[in-house]
Amino acid sequence: MKVLIVEDEPAIAGALRRGLEGEGMAVDVMADGVDGLWAATENQYDAIVLDLMLPGISGRDVLVGLRERGVWTPVLVLTAREGNEVEIGVFDRGADDFLAKPFSFDILLARLRALVRRGAPERPVVLSIGDLRLEPARRRVDRGGSEITLTPREYGVLELLMRRGGDVVTKSEILNNVWDSAFEGDPNVVEVYISYLRRKVDTPFGRRSITTVRGMGYRVVAED
Ligand code: CA
C-alpha cells in the first residue's frame with residue numbers, strides 16, 4: 001500500500017511517515033500544495049493524507065485540482081480548524097474523510113485503512129434540484145445536460161442556494177457567504193446577482209426555478 005502525505009509541518013509529516021512505514025506502507029511526503037498536486041497526479045497512490053493549510057496552493061485547491069484531472073484516489077483531509085462549515089466544504093470538493101488536528105495516529109491509521117478498503121469513489125458529489133445540476137468538485141453547472149457558464153460570484157450564489165436543497169436563504173446569508181466580510185457596498189447587489197443567475201439558469205430554459213420569497217429571501221425549486 002502506497003500513501004502520499006501532503007503536509008508542511010515537518011514534525012507531523014515525519015511522525016506520519018515513520019508510523020505508516022512501521023505498518024509496512026510505502027510513503028511519499030510533499031511539503032507544499034504544488035508538489036502535492038503534482039505527485040498525486042503523476043504517481044499512483046492507494047490513499048492521500050492532505051493537510052488543508054499548505055504553502056503554495058491550499059489543500060482545498062489540491063483536492064479540486066485532483067478531481068478536475070480525474071484522479072479519484074481516496075483523500076483523507078487533515079485540518080486544524082474544526083467545524084461543520086469546513087467539513088461540508090471539503091466533502092463537497094471530493095474529500096473522502098476528514099480528521100481534525102490534533103489526532104491520534106491509531107485513529108488516522110484505522111480511517112486510512114477503511115478508505116482504502118472502500119476504494120476510489122466512482123463519481124463526484126452532485127447537487128441537483130430538478131434537472132439543474134451542480135458539481136462542486138468541478139464547479140460545473142448544467143441544466144438537463146446543457147452546460148451553463150457562470151462567473152465565480154454567480155456560481156457562489158447558486159451553490160449556496162442549491163446546498164440548502166430548496167430551503168429559503170436570506171439576502172444577508174448570501175452576502176456573508178459569497179461576498180467577503182469586508183464588503184460594505186449595497187446589499188441590493190444580491191438582487192442584481194439573482195437576476196443575472198435567472199438569465200442564465202432559468203430564462204433560456206423557460207424556467208422559473210430561482211424564486212423570491214417576499215420578505216425572506218430566495219430559494220431554488222424543482223419544477224415539474
Ligand atoms: Ca499546514
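Here the structure is a predicted model, which means the values were calculated and not measured. Read the numbers this way: they start at 1 and go in the same order the structure lists the ligands and their atoms.
- Protein N/O/S atoms closer than 3.0 Å to the Ca ion (ligand 1): D8 OD1, D51 OD2, M53 O.
- Of the charged side-chain nitrogens involved, at least one lies within less than 4.0 Å of a carboxylate oxygen, so that E7 and K101 count as a salt-bridged pair.
- Side-chain contact between Y45 and D28 is present, with at least one heavy-atom pair separated by less than 4.5 Å.
- Annotation: salt bridge (Lys or Arg N to Asp or Glu O under 4.0 Å) contacts of D61 (sequence neighbours excluded): none.
- Listed by chain and residue number, nothing satisfies the ring-ring contact (aromatic ring centres under 6.0 Å, His included) test with F103 (two or more places apart in sequence, or in another chain).
- Membership of the apolar cluster around M216 extends to V168, V213, as traced through chained side-chain contacts below 4.5 Å between ILVMFWY residues.
- Between E173 and K171, no side-chain nitrogen of the basic residue sits less than 4.0 Å from a carboxylate oxygen of the acidic one, so the salt-bridge criterion is not met.
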